[in-house]
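I have placed the structure first, in the form of structure tokens, so that the comments after it can refer back to it.
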Amino acid sequence: MEAAATSKVDVLIIGAGPAGLMLSLWMAKLGVKTRVVDKRTGKIVSGQADGFQCRTLEIFDSFGIGHKVWHEANHMHEVSFWNPDEDGKIRRHHRGPNTQPNLSRFTEAVLHQGRVESILIDTIRASASPKHPLVEIERSVMPTSLHIDESCVDDEDAYPVEVTLRHLTEEEATPTQRLSNLQDGLYRSNLAEDDTERLLANTAGVGREEKVRAKYVVGCDGAHSWVRKTLGEEYQMKGESTDAIWGVLDIIPITDFPDIRSRCMIHSAEFGAMMIIPRENKLVRVYTQLKQVSTGTGRVDRSQITPDVILETARKILSPYTLDYHYIDWWTAYQIGQRVGDRFSKHNRVFLTGDAVHTHSPKAGQGMNVSMGDTYNLGWKLGLVCKKLLQPHVLDTYELERRQIARQLIAFDHKFSRLFSGRPAKDASDEAGSSMSEFQQAFREAQLFITGVGIHYQPSILTSDSDLKGGLQGTETPSQSQVTSLAESAAHCQPGRRFASQIVLSQADARPWELQLHLPSNGRFRVVVFGGDISQATQLATVNKLGGWLQANVLSPAKSPRISLAPGPDPRGGSGSSQWMTDEDPSIVDVLLVHSAPRDKIELLQDLHEVFHPFDKKLGWDYGKVFADDHGKAHKHYGVDPDRGAVVAVRPDGYIGLVTGLQAEDGWTRLQAWFGGLLRPSPSSS
Ligand code: FAD
């Protein structure tokens, strides 16, 4: 073995699955010195996760890559529920929308994890620039030790985490497959042993080792997380497993089943349940409950599970319809269980994310989405802290916010999986069976959660208490069961919820825009001013007075630190978000204005304060910050009273932090205090 070299890095990411890659993307965008290691030789080639929820698509879109997934993915508009009839034959009982309309501009879409990982990796590479070092994914590398020097965890300039990395041989880094001619996911499944312990125990003839000192280490290393285990007993996952075993086939089906291109939840009278997910490229994913391989004691005979066994079971469930295939892409099997960790970070220096800290069954299409949601939440905080733009205590909010979501996920999956795996009740008196109407209802009611748009972070330093409503109306928290009003209630502006999208017209050229596209993920906070009817002189004066105050008290270099933007999508028409700013050091806070006046009654340059159309000596005026509301629809959609207006402060991840009114007495000082509690007092250039 060669002697260990030592190097320093701001952030060390362990694991390059969806969670690790989303975090790497933030680091690349924010220009943070980062290393990413993964013990496997390459990314996933086929299979694994495929369901993409609306909120994840919005997040991808904010990085300028939503259209890639949207274009290649299959869109799932419909869901059908098939249950046994009086004669025990399966019959379609209900067909409805798979995603509640108007929750988001996207619907659930399906694209395999390997392609998603490729899109992320390409975007990470494209984010490199002279100011933003390339973040490379280093394959066949795994950690063998991790030590935190607790004496310096509070010193933000220290590198308190020391990790030893081992470079693996190709053979060590290549997962074993059950069948020689077909990819499977069993090596990642909870039915198989992880190989980390075996690799660590192998000390003979191992590859090069090196030591890395990091400011922050993030465990994105999946369900068998070595990082989590290394942190100690108190980081163990808690929860339970059922003895329900499910098999998965990705096939191009040959079948006379009429709904094969719809999402289907099928319950048979005798042979268990099945789910159909129509995929891209004519593929269909078939999830099949495998009643025969469980011993009933929680023990599973894994050798019994093969693609043929899964197909045979699927045929029985689908009978009298037929099912066959010539092409199979991938297969796996897993045991249903729900587990979550109590602690997501140690000293705010080592963090756990994704499957490393919550695992559950895959059928509701949550794991990849929530895992990327974790690191989307952590990434900007960690990046801006490393750049010394954000105060380090903001990192406390990662565990606060994401543990809450993980617990909701586990509770939802517990209910959903048990209803799905249960035998259908024969009638109302059959208490041992699962009620199919309760199952459908649970699916419909969970839409806000499943789609990700219902996430509501609790009050914290980042998310002000929602009882201070400013100019908003109707901002009460919707109950999960108010299904009919989901779309409307999710759209309202509430601190802790994501800033929803709505079509507005560019004041300068009448182009309709999804407003969310003007809040790209580039590390900047936003102040969105809902100006109301600024064709009224007093309202215009109020908005301009606020503009002057924002310029002096929020945007000025003394108040708001500067951030350099990585190349990225420019919603305003250029080829990169840094392109439209010749200012090398723009403020970390961006201001947008949406008004409800008739568009032709307002002259952008003449009527409005310059904070709404800043001037650059090379590029001229910025015409991309002011929008006219289309007949007041946006004000209504966001719940803003057009006579009063409102100011909404949005975090870099698109979640609302604070809502105040337009008038000084409505709380401008709260806005100032909010930023003051987050941003660094002494601005430094990145
Ligand atoms: P992983 O994807 O497990 O990535 C962990 C990475 O860390 C891997 O690349 C691994 O090689 C690496 N690693 C592990 N240990 C080490 C180590 N010691 N050192 C270095 N590297 C290490 N989710 C959805 O959202 N939608 C779906 O439709 C969906 N369908 C699914 C279907 C199936 C059949 C399965 C099995 C899962 C499905 N999931 C779905 C869940 C989803 O795959 C996971 O939740 C998601 O992959 C978790 O992402 P992650 O990055 O946290 O972990």
Side-chain angles (χ1 to χ4, degrees), residues 29-31 62 64 126-133 384 387-389 504-511 513 515 517-529 531 534 540-541 543-595 599 602-628 647 649-650 652 671-672 675 679-686:
K29 287 277 170 206
L30 297 174
S62 74
S127 304
S129 73
K131 278 198 168 184
H132 292 80
L384 295 182
K387 304 294 283 181
K388 297 199 169 172
L389 300 169
V504 289
L505 302 180
S506 164
Q507 174 64 34
D509 62 8
R511 177 172 169 181
W513 283 102
L515 190 51
L517 289 176
H518 286 266
L519 287 77
S521 289
N522 56 11
R524 303 181 86 182
F525 288 80
R526 267 93 199 182
V527 174
V528 184
V529 177
I534 56 171
L540 181 65
V543 166
N544 280 336
K545 198 167 156 202
L546 170 66
W549 181 86
L550 284 171
Q551 192 166 60
N553 295 286
V554 175
L555 301 185
S556 78
K559 309 282 177 187
S560 160
R562 322 272 90 189
I563 183 171
S564 77
L565 303 179
D570 175 8
R572 299 159 212 229
S575 58
S577 57
S578 52
Q579 250 84 356
W580 55 269
M581 282 268 186
T582 51
D583 181 359
E584 290 274 294
D585 248 351
S587 162
I588 198 173
V589 184
D590 194 13
V591 177
L592 302 173
L593 170 65
V594 181
H595 66 81
R599 198 179 133 260
I602 303 300
E603 297 300 341
L604 176 62
L605 301 187
Q606 285 73 20
D607 292 339
L608 291 167
H609 189 278
E610 63 173 310
V611 80
F612 302 117
H613 49 83
F615 182 74
D616 178 279
K617 57 183 182 308
K618 288 191 192 145
L619 290 183
W621 309 108
D622 186 341
Y623 294 98
K625 287 174 178 283
V626 180
F627 304 91
V647 180
V650 185
L671 196 63
Q672 196 175 11
F675 279 117
L679 302 179
R680 301 276 297 211
S682 55
S684 74
S685 168
S686 47

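Both backbone and side-chain heavy atoms feed into the values below; hydrogens, waters and symmetry mates do not.
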Distance in Å, Asp509 CG paired with Tyr623 OH, rounded so as to fall on 0.5 Å steps | 11.0 Å

Closest non-hydrogen atom pair between Leu608 and His613, with its separation = O-NE2, 2.7 Å

Does some side-chain heavy atom of Ser560 sit less than 4.5 Å from a side-chain heavy atom of Phe675?
-> no

Minimum heavy-atom separation for Ile563 to Ile588, with atom names?
-> CG2-CA, 3.8 Å

Taking C-beta and beyond as the side chain, do Arg524 and Pro586 meet within less than 4.5 Å on heavy atoms?
-> yes

What are the two closest heavy atoms between Ser587 and Leu555, and how far apart are they?
-> OG-CD2, 3.9 Å

Side chains of residues 545-553: which donor-acceptor partners sit under 3.5 Å, not counting sequence neighbours?
residue, atom, partner, partner atom, Å
Asn553, ND2, Trp549, O, 3.0

Looking only at heavy atoms, the pair that brings Leu604 and Phe612 closest together is CD1-O, 4.5 Å

Before giving the answer on side chain to side chain contact (heavy atoms under 4.5 Å, CB included), spell out for Leu593 and Val611 the whole-Å C-alpha distance, their side-chain angles and the decisive distance to 0.1 Å.
-> CA-CA 10 Å; Leu593 170 65; Val611 80; over 6 Å; no

Expected output: side-chain Lys625 to main-chain Pro614 donor-acceptor under 3.5 Å = no

Can you tell me if Asp590 uses its side chain to pair, donor with acceptor, with the backbone of Leu519 under 3.5 Å?
-> no

Heavy-atom side-chain proximity of His595 to Val543 below 4.5 angstrom | no

Full working for side chain to side chain contact (heavy atoms under 4.5 Å, CB included) between Val554 and Lys559 = CA-CA 6 Å; Val554 175; Lys559 309 282 177 187; 5.7 Å; no

Is the shortest heavy-atom distance from the side chain of Val626 to the side chain of Ile602 under 4.5 Å?
-> no

Output the distance between atom CG (Leu605) and atom CD (Glu610), rounded to the nearest 0.5 Å.
-> 11.0 Å

Indicate the atoms forming the closest heavy-atom contact of Gln507 with Ala628, along with that distance.
-> OE1-CB, 4.0 Å

In terms of heavy-atom contacts, Pro652 and Gly523 come closest through CG-O, 3.7 Å

Counting N and O atoms only, with roles assigned by atom type, does the side chain of Arg599 sit under 3.5 Å from a partner on the main chain of Phe627, one being a donor and the other an acceptor?
-> no

